[in-house]
Amino acid sequence: MVFVKTHDISELTSELIGKEVVLGGWIEDLRKLGKMSFITLRDVSGISQVIVKGELNDNLGEINRQSVVSVKGIVQETKARDFAFEIKAEEIDVLGKAIHPLPVDPIGRVESNIDTRLNHRALDMRNQKTASIFKLRHHVLQSLRKTLAEKKFIEITTPKIIGSASEGGANLFSLEYFGKKAYLAQSPQLYKEQMTIGLERVFEISNFYRAENSHTGRHLSEFTSIDIEAAFMDYNDVMDVLESLVMDVYKFTAENCKKEQEVIGHTIEVPKSPFEKVTYNQCIDELKSAGEKIEFGDDLLDSHLRIIGDNHPGFFFLTDWPMKLKPFYIREKDEDPELSRSFDLQYGYLELSSGGTRLHNPEMLKARLKEQDLDPAQFTDHLKAFDWGMPPHSGWGMGLDRLMTTLIGIDNVREVVLYPRDPDRLSP
RNA sequence: GGGGUAGUAGUUCAGUUGGUUAGAACGCCGGCCUGUCAAGCCGGAGGUCGCGGGUUCGAGUCCCGUCUAUCCCGCCA
């Protein structure tokens with residue numbers, strides 16, 4: 001069967017009354033009233049009512065909810081309460097049957113558990129709430145790319161299969177690569193830094209991998225990261241970039257995704273700018289006042305971040321971390337070498353982003369590697385670039401999935417990832 | 001990795017101190033119905049009560065083990 005849609009459902013208007021249209025979509029609801037039937041037909045753009053009468057109704061045959069059909073018919077006035085007009089069907093073809101019982105209810109009258117929905121994710125995408133989340137995610141990505149391009153960042157794609165697991169920090173997944181051991185990249189960190197020597201400002205939006213056995217609503221083994229790296233910028237400059245990106249995402253989606261917000265049942269509220277900047281030292285003071293036993297140099301536990309998050313609701317930067325808590329590539333502050341030019345972007349207790357000014361002096365970088373018990377020999381390829389005119393540079397990485405959860409006010413990243421991967425879930 | 005909670009129909013759930021043939025809602029199938037719109041009315045199908053042991057005259061219910069999910073903590077970003 002070959003057919004051409006003349007309209008998406010959202011393109012139908014009362015002005016088309018009397019005109020013939022061809023639609024394609026899924027039967028969301030079906031009410032047979034003997035000599036006539038009502039079909040609510042949904043495509044990605046919207047929903048409309050189709051009415052079937054006469055001979056066509058008598059020969060309707062096998063037709064059921066969630067099957068995909070093409071409908072040829074005439075737009076006409078309606079008595080329906082929920083629609084401004086309707087389609088009087090002249091021809092209905094079933095293009096693909098839905099076999100019942102279906103494992104989840106796409107209309108959402110009975111809401112399924114996240115586990116059941118994830119096991120049948122494609123069908124879950126006919127649930128308007130789920131679909132709206134991923135439409136929103138699409139708009140977030142659009143907004144990010146637009147803003148970064150305007151700020152003269154060039155989009156790059158770095159390898160996800162890497163030969164050395166030496167960046168430190170998170171555990172990496174390893175795999176067999178033609179007889180050699182390879183790893184899945186945990187971040188584009190080293191590559192994006194290298195790119196600043198020719199492209200100056202780069203960004204990447206890609207999936208990265210962490211082999212941490214984490215069971216929380218904010219950790220996944222595979223997650224989407226937004227990364228930037230910019231030559232001739234200090235950490236304050238890239239904080240500004242980050243802040244305007246977040247602001248733009250909120251403004252853009254608040255403005256352009258009204259329908260999605262309505263379906264999700266959450267109103268996007270544009271945060272106040274500028275974001276507050278709270279230093280690590282200030283956090284330590286706040287935690288001490290709250291009765292926590294903590295000293296300079298201690299890492300902030302989740303329980304600590306909950307306290308800090310309560311003191312500073314919404315977005316804020318947590319800046320100037322001790323050098324000893326930061327990776328080897330982070331640069332110290334000239335006036336206080338114990339402190340680093342670094343920051344996290346927090347949303348309450350939730351860490352969204354981490355970044356800072358990088359070391360660009362190769363000798364200092366090698367010294368820092370040794371300090372952190374890493375072997376400079378493992379970084380030969382990376383360090384080469386630092387002898388070719390490495391500019392001072394800064395950057396950050398931000399978890400897109402976590403950003404999404406702040407945007408729609410939910411607390412589980414699995415809701416905003418199509419097919420989440422965690423220690424217990426590898427399929428579908 | 002540690003702890004809490006849960007697992008009963010396709011889905012979401014109820015199921016009393018252990019006691020007849022395990023129920024509801026939505027969905028599904030069949031019948032009636034020319035204005036439905038969470039349609040209505042009538043009828044029907046659908047269950048290895050996660051799995052394996054045990055206690056008992058008798059287990060969805062109690063005990064042990066195991067698997068799975070989920071939430072929290074830890075790790076981590």
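Chain letters run A, B, ... following the sequence lines, proteins first and then strands; every chain starts at 1.
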Student: Remember a base hit wins even if backbone is also touched, and classify Gly217(A) as base, sugar-phosphate or nothing at under 4.0 Å, heavy atoms.
Tutor: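 Sugar-phosphate, no base atom in range.
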
Student: For a quick check of understanding: with a heavy-atom distance under 4.0 Å over all strands, which category does Ser353(A) fall into, base, sugar-phosphate or nothing?
Tutor: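 If one applies the 4.0 Å heavy-atom cut-off, Ser353(A) turns out to touch nothing in the nucleic acid.
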
Student: Under 4.0 Å, counting only non-hydrogen atoms across every strand here, what does Leu220(A) touch: a base, just sugar-phosphate, or nothing?
Tutor: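 Since a base atom lies under 4.0 Å of Leu220(A), the category is base.
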
Student: Would you mind checking if Glu28(A) and Arg65(A) are paired as a salt bridge, meaning a charged N to carboxylate O distance below 4.0 Å?
Tutor: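 Glu28(A) and Arg65(A): not salt-bridged.
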
Student: Please give me the minimum heavy-atom distance between Pro428(A) and Arg425(A), naming the atom from each residue.
Tutor: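 Minimum heavy-atom separation between Pro428(A) and Arg425(A): CD-NH1, 3.9 Å.
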
Student: Within this structure, what is the CG-to-C1' distance between Leu30(A) and rU36(B), rounded to whole angstrom?
Tutor: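 Rounding to the nearest Å, CG of Leu30(A) and C1' of rU36(B) are 11 Å apart.
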
Student: Is there any ring-ring contact (aromatic ring centres under 6.0 Å, His included) pair reaching into residues 56-80 of chain A, and which pairs are they, with sequence neighbours excluded?
Tutor: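 Output for this query is empty, none listed.
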
Student: Given the structure, check if the side chain of Thr78(A) and the base of rG35(B) hold any donor-acceptor pair shorter than 3.5 Å.
Tutor: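 Looking at the base of rG35(B), it does pair with a donor or acceptor on the side chain of Thr78(A) (distance under 3.5 Å).
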
Student: Quick check for you: among rG35(B), rC73(B), rA77(B), whose closest atom lies nearest to any side-chain atom of Ala80(A)?
Tutor: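 Selected nucleotide: rG35(B).
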
Student: Judged by each residue's nearest nucleotide on RNA chain B, which is more toward the 5′ side, Arg306(A) or Ser221(A)?
Tutor: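 The residue mapped nearer the 5' terminus is Arg306(A).
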
Student: Under a 3.5 Å cutoff on both atom distances, Watson-Crick or G-U, what's the dot-bracket for RNA chain B ([ ] crossing, | other strand)?
Tutor: (((((((..((((.....[...)))).(((((.......))))).....(((((..]....))))))))))))....

Student: Quantified in whole Å, what is the C1' atom distance between nucleotide rC67(B) and nucleotide rG52(B)?
Tutor: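 My reading of the C1' atoms in rC67(B) and rG52(B) gives 10 Å.
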
Student: Just to confirm, is there a sub-4.0 Å distance from OP1 or OP2 of rU34(B) to any side-chain nitrogen or oxygen of Asn57(A)?
Tutor: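 False: Asn57(A) side-chain N/O out of range (4.0 Å or more) of rU34(B) OP1/OP2.
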
Student: With a 4.5 Å heavy-atom cut-off, do Met125(A) and Phe134(A) have their side chains touching?
Tutor: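 Result yes, sub-4.5 Å side-chain heavy-atom pair found.
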
Student: Nearest to the Asn64(A) side chain among rC29(B), rC71(B), rU36(B), which nucleotide is it?
Tutor: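 Within the option list, the nearest is rC29(B).
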
Student: With heavy atoms under 4.0 Å as the rule, sort Gln346(A) into base, sugar-phosphate or nothing.
Tutor: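 Touches nothing.
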
Student: Closest-nucleotide mapping onto RNA chain B: is Asp344(A) or Phe38(A) further toward the 5' terminus? I mean the 5' end.
Tutor: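 Going by which nucleotide is closer to the 5' end, it is Phe38(A).
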
Student: Suppose you measure atom C1' in rA14(B) against the same atom in rG7(B); what distance do you get, rounded to whole Å?
Tutor: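 These two C1' atoms come out 15 Å apart once rounded.
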
Student: rU55(B) and rU17(B): how far apart are their P atoms, nearest whole angstrom?
Tutor: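 That atom pair is separated by 25 Å.
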
Student: Could you work out which one of rU34(B), rC76(B), rG35(B) sits closest to the side chain of His219(A)?
Tutor: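 Looking only at heavy atoms from C-beta outward on His219(A), the closest nucleotide is rC76(B).
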
Student: Can you check whether any acceptor in the base of rU36(B) is under 3.5 Å from a donor in the side chain of Gln49(A), or vice versa?
Tutor: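 Answer is yes: a donor-acceptor pair is held.
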
Student: Please state how far atom CZ in Arg117(A) lies from atom P in rU12(B), giving the value in whole angstrom units.
Tutor: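 Answer to the nearest Å: 10 Å.
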
Student: Is the phosphate of rC75(B), meaning OP1 or OP2, less than 4.0 Å from a side-chain N or O of Arg210(A)?
Tutor: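 No, Arg210(A) has no side-chain N/O under 4.0 Å of OP1/OP2 on rC75(B).
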
Student: Rounded off to whole Å, could you give me the CD-to-P distance for the Gln186(A) and rC75(B) pair?
Tutor: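 Interatomic distance, CD of Gln186(A) to P of rC75(B): 17 Å.
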
Student: Assert yes or no for the condition that the ring centre distance of Tyr209(A) to Phe223(A) is strictly below 6.0 Å.
Tutor: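 Aromatic pair excluded; centres sit 6.0 Å or further apart.
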
Student: Taking atom P in both rG50(B) and rA9(B), compute the distance separating them and give it to the nearest angstrom.
Tutor: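 To the nearest whole Å, 8 Å.
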
Student: In whole Å, what is the span from the CZ atom of Arg425(A) to the P atom of rA69(B)?
Tutor: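 Rounded to whole Å, this separation is 7 Å.
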
Student: Return yes if the base of rC75(B) and the side-chain atoms of Ser214(A) contain a donor-acceptor N/O pair under 3.5 Å, otherwise no.
Tutor: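 Yes, a donor-acceptor pair under 3.5 Å.
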
Student: Let's see if you can work this out: which of rU70(B), rG74(B), rG35(B) has an atom nearest to the side-chain heavy atoms of Asp302(A)?
Tutor: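 Within the option list, the nearest is rG74(B).
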
Student: Step by step, would you call Ser45(A) with Asp43(A) a side-chain hydrogen bond (donor to acceptor under 3.5 Å, both in side chains)?
Tutor: CA-CA 5 Å; Ser45(A) 71; Asp43(A) 68 12; 2.7 Å; yes

Student: Between His393(A) and Phe386(A), how do the two ring planes meet: parallel, tilted or perpendicular, split at 30° and 60°?
Tutor: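 The arrangement is tilted - the two ring planes meet at 30° to 60°.
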
Student: Establish, with yes or no, whether the OP1 or OP2 oxygen of rU12(B) is under 4.0 angstrom from a side-chain nitrogen or oxygen of Thr116(A).
Tutor: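 Yes.
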
Student: Select one nucleotide: of rG35(B), rC72(B), rU36(B), the one nearest the side-chain heavy atoms of Arg31(A).
Tutor: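 For the Arg31(A) side chain, the nearest candidate turns out to be rU36(B).
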
Student: For rC73(B) and rG15(B), measure between their P atoms and round to the nearest Å.
Tutor: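 The same atom, P, in both gives a distance of 29 Å.
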
Student: Give me the distance, rounded to whole Å, that separates rC28(B) from rG10(B) when you measure between the P atoms they each carry.
Tutor: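 My reading of the P atoms in rC28(B) and rG10(B) gives 15 Å.
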
Student: Name the nucleic acid region contacted by Arg414(A), choosing base, sugar-phosphate or nothing; use a 4.0 angstrom heavy-atom cut-off, strictly under.
Tutor: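 Nothing, no heavy atom under 4.0 Å.
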
Student: Does the pair Lys151(A)/Asp248(A) count as a salt bridge with the N-to-O cut at 4.0 Å?
Tutor: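 No, this pair does not count.
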
Student: Determine, step by step, whether Thr224(A) and Asn207(A) satisfy the side-chain hydrogen bond (donor to acceptor under 3.5 Å, both in side chains) criterion, reporting the C-alpha distance in whole Å, the side-chain angles of both residues, the deciding distance to 0.1 Å, and the verdict.
Tutor: CA-CA 4 Å; Thr224(A) 305; Asn207(A) 283 5; 2.7 Å; yes

Student: Starting from C1' on rG74(B), measure out to CG on Asp299(A) and report it in whole angstrom.
Tutor: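 So the CG-C1' distance, Asp299(A) to rG74(B), works out to 13 Å.
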
Student: Roughly how far apart, to the nearest Å, are rU34(B) and rG47(B) at atom C1'?
Tutor: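 About 40 Å, rounded to a whole number of Å.
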
Student: rG74(B) base to Glu212(A) side chain: any donor-acceptor pair below 3.5 Å?
Tutor: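 Absent.
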
Student: Summarise how protein sits on nucleotides 22-27 of chain B as a single string, 5' to 3': B when a protein heavy atom is under 4.0 Å from the base, S for sugar-phosphate-only contact, - for no contact.
Tutor: ----BS

Student: Do the side-chain N or O atoms of Asn213(A) get closer than 4.0 angstrom to the phosphate oxygens (OP1, OP2) of rC76(B)?
Tutor: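 Answer no for this pair, as no side-chain N or O of Asn213(A) is under 4.0 Å from OP1 or OP2.
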
Student: Rounded to the nearest Å, what distance is computed from the CG atom of residue Asn171(A) to the C1' atom of nucleotide rG74(B)?
Tutor: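 Distance check: Asn171(A) CG to rG74(B) C1' gives 14 Å.
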
Student: Could you tell me if Arg306(A) sits above the aromatic ring of Tyr349(A), with its cationic atom closer than 6.0 Å to the ring centre and no more than 45 degrees from the axis?
Tutor: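 Pair Arg306(A)/Tyr349(A) counts as cation-pi.
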
Student: Between Phe315(A) and Tyr347(A), is the gap from one ring center to the other below 6.0 Å?
Tutor: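 Yes - the distance between ring centres of Phe315(A) and Tyr347(A) falls below the 6.0 Å cut-off.
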
Student: Within the structure shown, what part of the strands sits under 4.0 Å from Phe223(A) by heavy-atom distance: base, sugar-phosphate, or nothing?
Tutor: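 The residue Phe223(A) makes base contact.
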
Student: In whole angstroms, how far is the P atom of rG31(B) from the CG atom of Leu60(A)?
Tutor: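 Roughly 13 Å, once rounded to whole Å.
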
Student: Counting C-beta onward and ignoring hydrogens, is there a side-chain heavy-atom pair between Asn412(A) and Thr405(A) closer than 4.5 Å?
Tutor: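 Answer no - side chains too far apart.
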
Student: Contact class for Ile51(A) (heavy atom, under 4.0 Å): base, sugar-phosphate, or nothing?
Tutor: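 Result for Ile51(A) = base.
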
Student: May I have the distance from Asp115(A) (atom CG) to rG50(B) (atom P), rounded to whole angstrom?
Tutor: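 After rounding, the reported distance stands at 16 Å.
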
Student: Given the P atoms of rU11(B) and rG27(B), what is the spacing between them in whole Å?
Tutor: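 The answer is 16 Å between these two P atoms.
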
Student: Does any N or O donor sit under 3.5 Å from an N or O acceptor when you compare the side chain of Lys53(A) with the base of rG35(B)?
Tutor: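 By the distance-only test, yes, there is a pair.
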
Student: Angle class for the Trp321(A)/Tyr280(A) ring planes (parallel below 30°, perpendicular above 60°, tilted otherwise)?
Tutor: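 Aromatic pair Trp321(A)/Tyr280(A) classed tilted.
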
